[in-house]
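Here is the structure we will look at.
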Amino acid sequence: MKSAVVVFPASNCDRDAAMALEHITGEKPAMVWHGDSELPDVDLVVLPGGFAYGDYLRCGAMAAQSAIMRDVKARADRGLPVLGICNGFQVLTEAGLLPGALMRNADLKFVCRPVALEVNETQSAFTRKYDKGQRVTFPVAHGDGNYFADHDTLDRLEGEGRVVFRYAQSDNPNGSARDIAGILSEKRNVLGLMPHPERACDPLLCGTDGRVLFESLLESLS
Amino acid sequence: MSAITPQLVREHGLSDEEYARIEALLGRAPNFVELGIFSVMWSEHCSYKSTRAHLRRLPTKAPWVLQGPGENAGVIDIGGGDAAVFKMESHNHPSFIEPYQGAATGVGGIMRDVFTMGARPIAMMNALRFGAPGHEKTRHLVAGVVAGIGGYGNCMGVPTVGGEVNFHSSYNGNILVNAMCVGIARADRIFKSAAKGAGNPVVYIGSKTGRDGIHGATMASAEFREDSQEKRPTVQVGDPFTEKLLLEACLELMATDAIVAIQDMGAAGLTSSSAEMASKGGSGIELDLDCVPQRETGMTAYEMLLSESQERMLAVLKPGREPEAERIFRKWELDFAVIGETTDTSHFVVRHKGKIVADIPVHALAEEAPVYQRPLASRKPLVDEPPFVRSKPVIDSLLKLIGSPDLCSRRWVWEQYDWSVMADTVQSPGGDAAVVRVHESNKALAITTDVTPRYCRADPCLGGKQAVAEAWRNLTAVGAKPLAITDNLNFGNPEKPEIMGEIAASIDGIAEACRALDFPVVSGNCSLYNETNGEGILPTPAIGGVGLIEDVHRVATIAFKREGDAILLIGETEGHLGRSLYLREIEGREEGAAPPVDLVAERRNGDFVRWLIESGSVDTVHDISDGGLLVTLAEMAMAGGMGAWVALGGHTPIPFAFGEDQGRYLVCVPRQEADRILAQAETAHVPAALLGQTGGDSIAAAGQGEITVADLKRAHESWFPAFMGAGELPPTN
Amino acid sequence: MKARVFITLKDGVLDPQGKAIGHALNNLGFGGVGEVRQGKVIDLEIHERDQGKARATVNDMCEKLLANAVIEKYEIEFRP
Amino acid sequence: MKARVFITLKDGVLDPQGKAIGHALNNLGFGGVGEVRQGKVIDLEIHERDQGKARATVNDMCEKLLANAVIEKYEIEFRP
Ligand SMILES: Nc1ncnc2c1ncn2[C@@H]1O[C@H](COP(=O)(O)OP(=O)(O)O)[C@@H](O)[C@H]1O
Ligand SMILES: [Mg+2]
């Protein structure tokens, strides 16, 4: 399975994402500079976490305008799987690849801790190897993870089974609508989530629940 | 240009003697620009004029030390061709004036000190001291400092893995914000600041220069008066986004061989970086200020030379390598400009608008800076009049202590720091020392910061010793071999003999402990004049320790892991209550002598505990420090979500439970192993005793009653959020 | 000419910052503070004499970057 | 009555956000954008009919909480 990780100015989980991909898929992902206009020929694109453009103005706003995002959109429209983690999720909403917006955490504080998630949907290339309703633990690390969308959009997301991850045990670290932690695009090929699966791939760190997400991709895409 | 009046000289923080010396060195009166240059270069902050003579007493050598004090950061060999690069630095005064930006720029500054040496920062720590919780400013300062550290460090993508937070009224008007950065480099790819050779281009990289923080260095070298609030316009604003680009761009440039020397622009910005580089390289340097990237219009030479705009670096390149360097910095959308060259005149020469505005022999700024042997008055150490202790119920006191400001959980703080980015944080905040894996290797670094100011007040020398010993102990407790320290000496006004006495004595104590523990000093920083209206802070020589873990799978944590484990107490317990938190929190008294530090026992006990961890027979260890034995036990129980039963047998309960005797650890071992390990301790002449065993959901002390771990946890976790809860608006950039 | 852009949250979009400010004001003893909303103001200099053209440009900036239509609305003001 | 508070950085204080926005606008092809500065706007409702009293109150709010006097300045506007 060939993958690419986009590097924006002040992305800072690009290396972590690449490490996880390499360990699990056995192939080094291509690191793609935000200024490039074309993605290499890959099966998966990852928009990593971090503080692209310092999160200035709005998280992800400036990154969403970078040259590479035009091609990311085009390929996503043609069905290429795109995974946006944390800041990557924010970029995806700002770029219009996912609905809604990520607002400042309800308590206005950055929060970094492991959180319990519930896997709501297994009908996706990203989650097929999880069990429906499975409890997993990923760390979160963000100041703007408070997912917002209007009621109709939220109902639609839920109706169409596009809410993939929810904060479990009502342990919601940011006040997001309906405890949403991660959502799919209409075509189900774009996933954005605030928690960090790539930081949950090592028994020495925050457990290995995140591996399954990458293993699902490996199974679906190769 | 304004004429040089005695008034103007004083405003520049220079004494009459110092001014006379400047005239002698120049053989003429300085002009206004030159006066400004001398004022920052000769400031306490840059010249260390009060402490330099004493710092020489610190041991700085060991086979594994690759770079001791004198560069931007210290460097030690951690095997496999890797080096650890680290330093701690204060941003106390700016953080008091503007907590968010003061702390943020402090973090940015210390990171530059580390990556300017060619290292990628892999961990941040911070040692914070605030005023009494009840003081009107404290909550606002805590909120701002914590948000500022997170705001900068999180954006940089460097995990903030630990530190210290203390409260004491002596910091009401002078909080302490000490930030430590640890980086990793290849041992043969360390970059230094000596601008050797003539005719090499001097290049400016990073952000543009504005009128930020002019005279920050002199501000950090003057005692606070209430009206210092008026120095406010000097506060710099941090730009972590630009710093992140600067980090990546510098590491990219360092992968080439274009660099002769490189140095961050810290205190006194362009002036000190260029003068220090020339001085260390034994060369001269010429700058043309018209080439300096400027953010504001109409900046004078004086302003540009003294500006402390952040996120800037100065590099000396090999001739002809400019285009290659420029390409890298343009790619990262950073400013890049050739602003001068090195010369063989050994003069520091500055041009502006075609005119020479400063011409000073380099040695006059650096080596010739005054060094003072200030008068010392040694406060005689308080001797122990064993403090009378009314007998109070042990368990009630435990509950009260565990929920007190200095012992309660710091979760509220560290959850605002990204401690897990870079996917190498093996031991997150809350343990004895943070453990960060060296990327893609099987080894790890252990990192800690420690000092117990209330001990230092009682006896500065012993306090210095204790701070080093506790750092060494914390590294040992996770299974690391302690290698070296950085220190941040925070004190009051050195012109007061009793304060200077505290400084000198602390350094002696630090030096003695470093020698006894093979734990040399490789970098550090001094922050003096921490006084408001003549009120000095508690002497606070913060120690940042770094140790090596050869096998990242052989680390110990504080959490109880198995029911029925035997709990062993390592080390001698006299029940020393002088200066203890028990005395302060329960009896409301800050009295008595600090606990004695026996460096021989410290080393012997620690080496034994480390051996137990390395040999795989122990995975649960916690050193006994603030609050004493029972508090330590409670912390292990809360971390493991499991209770314990212990016998205080044969001892007077309160001193045994809450005394702060040094050199002690609690370790857990499977019950059937206990006798073997006790025997091993005996052969190693290490005092060790069976204290009790893990299990159940309560902490039970024989004959003293019990309390559930849940109740302890509630008290432990609730103080900080409750304190910060009301009235504060979380600051944002 | 100088343009000032106000970017505020659409009605119905919850505003954690505004809420926190209202809260803090009450804690500080400022009774009877009603709803508080926080927005952004962006001041920019554009080299364009013609008001109409200038407005068109700044509008474009808001649509493309400055405002997020999902949650925000904007107003534009000019000063000579 | 409705008050609108503008909080902007004092002149000369670095504005990283404004700087980055200016940069982004240029990259988006909006040539000739001069300096960009970002500030906050806070809208609040206060139950006070008397303009003078209202202004005094809001001023107080700015000093105590809304503005960071070290680096920020503020203006206050009223709408009925
Ligand atoms: N208390 C101290 N102990 C040991 N070394 C120190 C101490 N204070 C300063 N130093 C060393 O003196 C040099 C200058 O310190 P500093 O001015 O803080 O460096 P920088 O300007 O790079 O931040 C550094 O090499 C630092 O490690
Ligand atoms: Mg430095």
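Naming convention: chains lettered A, B, ... in sequence-line order (proteins, then strands); numbering from 1 in each chain. Computed from a prediction, not measured in an experiment: that's the story for all the values here.
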- request: Can you check whether anything in residues 46-53 of chain C gets within less than 4.5 Å of chain D, heavy-atom wise, and list it by number?
  value: C:I46, C:H47
query: Are the side chain of C:E72 and the backbone N or O of C:N68 linked by a donor-acceptor pair below 3.5 Å?
result: yes
Minimal non-hydrogen separation, D:G22 against D:V36, with atom names: CA-CG2, 3.6 Å
statement: One option among C:R37, C:K64, C:K2 has the most heavy-atom pairs under 4.5 Å with chain D, and it is C:R37
message: Tell me the closest heavy-atom pair linking D:I76 and D:V58, and the distance in Å.
response: CD1-CG1, 3.6 Å
- line: Heavy-atom closest pair (D:C62 atom, D:V5 atom, distance to 0.1 Å) is SG-CG1, 3.6 Å
query: Which side chain to side chain donor-acceptor pair (under 3.5 Å) pairs, counting each pair once, include a residue from residues 3-16 of chain C, with sequence neighbours left out?
result: C:R4-C:D43, C:T8-C:K73
message: Please classify the contact between D:Q38 and chain C as side chain, backbone, both or neither, with a heavy-atom cut-off of under 4.5 Å.
response: both
statement: Shortest non-hydrogen pair, D:F78 vs D:M1, comes out as CD2-CG, 3.7 Å
field: C:L14 side, atom CG; C:I71 side, atom CD1 - distance, nearest 0.5 Å
entry: 9.5 Å
- prompt: Between CG of D:L44 and CD1 of C:I21, what distance do you get to the nearest 0.5 Å?
  reply: 8.0 Å
message: As an exercise: rank C:L66, C:I7, C:I42 by heavy-atom pairs under 4.5 Å with chain D and give me the winner.
response: C:I42
message: So for D:L28, is it side chain, backbone, both, or neither that comes closer than 4.5 Å to the heavy atoms of chain C?
response: side chain
